[in-house]
Q: 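Pasting in a structure now, in structure tokens, and then I'll have a few things to ask.
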Number of protein chains: 2
Amino acid sequence: MRWEELDQQPCSLARALSVVGDRWTLVILRDCFLGVRRFDDFEARLGITRHILSDRLKKLLDAGVLEKRPYQERPRRDEYRLTVKGRDLYPVILSLVHWGDRYMADDRGPPIRHRHRGCGHRMRGVLVCSECGDDLHPRDVEVEESPAWEGQLMPRKRSQSQD
Amino acid sequence: MRWEELDQQPCSLARALSVVGDRWTLVILRDCFLGVRRFDDFEARLGITRHILSDRLKKLLDAGVLEKRPYQERPRRDEYRLTVKGRDLYPVILSLVHWGDRYMADDRGPPIRHRHRGCGHRMRGVLVCSECGDDLHPRDVEVEESPAWEGQLMPRKRSQSQD
DNA sequence: CAAGCCAAGTTCCAAAAAAGAACCCTGAAG
DNA sequence: CTTCAGGGTTCTTTTTTGGAACTTGGCTTG
């Protein structure tokens with residue numbers, strides 16, 4: 001399968017990755033969440049080539065994850081800002097950050113800490129069930145195919161141990 | 001910056017992406033969470049070349065996200081399984097799936113539904129504060145540099161509107 | 001008024017990674 | 001002793017990146 005076909009797969013993960021699944025897009029978005037908005041600032045912070053940066057920003061605009069807004073006229077300059085669609089990627093970013101904090105930190109510990117303004121504490125993001133509020137673990141989640149894709153999604157069964 | 005240098009960046013997101021940030025790794029892991037464990041099954045389901053699949057599985061083993069376990073002797077055969085480190089990527093995967101469900105679904109709706117065994121309801125994963133349990137939104141989270149990286153992480157300030 | 005400068009990109013070329021297909025190895029099984 | 005299954009590796013062609021230089025429009029400075 002070629003990368004461009006990924007957004008036609010019957011899988012929301014594959015489709016999401018067709019937007020944010022390449023090597024640089026999520027680091028660009030991390031900077032967006034930190035308040036970076038201008039081309040040169042992205043370039044300076046990311047150490048990414050202008051070529052690739054330009055291409056990725058364009059794709060994020062096309063995908064509706066970022067939008068351009070003028071911050072001055074004459075000369076016209078635009079900055080890149082997260083849309084609502086883009087802001088909704090926050091759980092993805094924060095989950096990745098906490099995974100990195102846990103498994104990839106060196107002896108100096110995690111480089112960034114998060115504090116929740118609501119309660120004032122240092123915290124992590126935790127994934128919970130939208131209905132009952134309990135923590136979610138993979139084994140507690142049952143997946144069902146939507147009838148529209150009957151038979152195309154799930155792995156064929158092998159006799160397999162449950163651990 | 002070259003891709004291989006990403007794991008030395010003082011940023012947990014960059015380090016996490018040095019493991020799972022390429023085009024195929026997260027789709028491979030999605031299948032792991034669905035119970036796929038064998039080379040040929042991955043190949044058949046993913047439509048990925050054997051070459052790349054082999055390379056990615058090897059990298060996931062090196063990273064400690066997957067492990068090989070024998071499921072028979074004579075001839076010896078191994079399967080790939082998630083480690084605890086790998087299972088801890090579940091929030092990332094589920095967040096991406098729900099983002100895809102919301103923004104990338106076609107008229108047939110999301111291909112897969114999730115049910116929480118704990119409460120029996122169809123649900124989404126929601127990100128909440130580990131301390132107070134409230135929903136997390138980017139604006140409610142304040143980031144602080146750890147003293148060990150003073151000055152290397154945050155964007156330099158520009159006078160900028162807050163929206 | 002020419003010479004720079006800044007933000008925001010493009011263009012061009014060489015190097016690296018991915019796609020696609022064919023081939024290899026090991027240990028049964030017929 | 002030929003075939004098959006599982007689990008890869010090799011080879012060649014396309015695509016993507018990396019790196020650096022060039023462009024464009026409008027200030028600004030001497």
Side-chain angles (χ1 to χ4, degrees), chain A residues 1-6 9 14 17-28 31-32 36-62 66-81 155-156 158-160, chain B residues 1-6 9 14 17-28 31-32 36-62 66-81 155-156 158-160:
Chain A
M1 194 196 330
R2 216 173 272 96
W3 182 247
E4 309 87 60
E5 302 164 33
L6 202 58
Q9 288 288 106
L17 289 177
S18 74
V19 176
V20 301
D22 81 287
R23 285 182 155 84
W24 294 112
T25 300
L26 284 171
V27 266
I28 292 173
D31 271 12
C32 293
V36 176
R37 294 172 182 170
R38 299 189 191 174
F39 194 91
D40 280 16
D41 291 342
F42 285 112
E43 195 211 348
R45 288 175 48 81
L46 297 173
I48 186 180
T49 66
R50 302 170 78 74
H51 186 162
I52 292 299
L53 176 59
S54 171
D55 182 73
R56 290 305 183 280
L57 289 171
K58 216 167 286 168
K59 283 184 177 152
L60 288 170
L61 291 174
D62 288 351
L66 297 180
E67 64 186 357
K68 262 184 170 177
R69 295 233 301 242
Y71 65 88
Q72 67 174 37
E73 303 289 338
R74 243 179 332 282
R76 166 104 181 199
R77 298 278 185 249
D78 297 293
E79 53 185 17
Y80 295 90
R81 286 161 162 271
R156 70 176 183 278
R158 300 220 186 226
S159 55
Q160 55 187 208
Chain B
M1 194 198 330
R2 216 171 275 98
W3 181 246
E4 309 87 58
E5 302 163 33
L6 201 60
Q9 288 289 105
L17 290 176
S18 74
V19 176
V20 300
D22 81 287
R23 286 184 155 84
W24 295 112
T25 300
L26 284 170
V27 265
I28 293 173
D31 271 11
C32 293
V36 176
R37 293 171 182 170
R38 299 189 191 174
F39 194 92
D40 281 15
D41 292 341
F42 285 112
E43 195 209 347
R45 288 176 47 82
L46 296 174
I48 186 180
T49 66
R50 301 167 80 71
H51 191 285
I52 292 298
L53 176 59
S54 171
D55 181 74
R56 290 305 182 280
L57 289 171
K58 217 165 287 169
K59 283 183 176 150
L60 288 170
L61 291 174
D62 288 350
L66 297 180
E67 63 186 358
K68 262 184 169 175
R69 295 232 302 239
Y71 65 88
Q72 66 174 41
E73 304 288 337
R74 245 179 330 283
R76 165 106 181 197
R77 298 279 184 249
D78 297 293
E79 53 186 18
Y80 295 89
R81 287 162 162 269
R156 69 175 183 278
R158 300 218 187 229
S159 55
Q160 55 186 209

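We name chains A, B, ... by the order of the sequence lines, and we start the count at 1 in each one.
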Q: Could you state the CD-C1' distance from B:Glu43 to C:dA19, rounded to the nearest angstrom?
A: 13 Å
Q: Verify the contact: side-chain N or O of A:Lys68 to OP1 or OP2 of C:dG9, cut-off strictly under 4.0 Å; return yes or no.
A: yes
Q: Identify, with sequence neighbours excluded, every residue that meets side-chain contact (heavy atoms from CB on, under 4.5 Å) alongside A:Asp55.
A: A:Lys59
Q: Can you tell me if A:Tyr71 touches the phosphate of C:dA8, counting only side-chain N or O atoms and a distance under 4.0 Å to OP1 or OP2?
A: yes
Q: Could you work out, with side-chain contact (heavy atoms from CB on, under 4.5 Å) as the rule, every residue matching B:Lys58, not counting sequence neighbours?
A: B:Ser54
Q: CG of A:Asp55 versus C1' of D:dG19: gap in Å, rounded?
A: 16 Å
Q: Tell me: CD of B:Glu79 to C1' of D:dA5, nearest whole Å?
A: 16 Å
Q: CZ of B:Arg56 versus P of D:dG8: gap in Å, rounded?
A: 15 Å
Q: Take atom CD of A:Gln72 and atom C1' of C:dC6, then tell me their distance rounded to the nearest Å.
A: 10 Å
Q: Please report, rounded to the nearest Å, how far the P atom of C:dA7 is from the CG atom of A:Leu57.
A: 16 Å
Q: At less than 4.0 Å, is any side-chain N or O atom of A:Ser54 found next to OP1 or OP2 of C:dA8? Yes or no.
A: no
Q: Can you give one letter per nucleotide of nucleotides 21-30 of chain C, 5' to 3': B if a protein heavy atom sits under 4.0 Å from the base, S if only from the sugar-phosphate, - if neither?
A: ------SS--
Q: Considering just the side-chain nitrogens and oxygens of B:Lys58, establish if one lies under 4.0 Å of OP1 or OP2 belonging to D:dT9.
A: yes
Q: For the side chain of B:Arg38, counting heavy atoms from C-beta on, which of D:dG7, C:dT10, C:dG9 is nearest?
A: D:dG7
Q: Roughly how many Å is it from CG in B:Asp22 to C1' in D:dT17, rounded to a whole number?
A: 14 Å
Q: Look at B:Trp24 and C:dA17 and indicate whether a side-chain polar atom (N or O) is within less than 4.0 Å of OP1 or OP2.
A: no
Q: Expressed in angstrom and rounded to an integer, what is the separation of A:Leu53 atom CG from D:dG18 atom P?
A: 12 Å
Q: Does a side-chain N or O from A:Tyr80 land closer than 4.0 Å to OP1 or OP2 of C:dA7, or not?
A: no
Q: Going by salt bridge (charged side-chain N to carboxylate O under 4.0 Å, His left out), name the residues that satisfy it together with A:Arg56, two or more places apart in sequence or in a different chain.
A: A:Asp22
Q: Mapping B:Arg23 and A:Asp78 to their closest nucleotides on DNA chain C, which lands nearer the 5' end?
A: A:Asp78
Q: What protein N or O atoms touch nucleotides 12-14 of chain D N or O atoms at under 3.5 angstrom, if any, and at what distances?
A:
none

Q: Salt bridge (charged side-chain N to carboxylate O under 4.0 Å, His left out) with A:Arg50: which residues, sequence neighbours excluded?
A: A:Asp40, A:Glu43
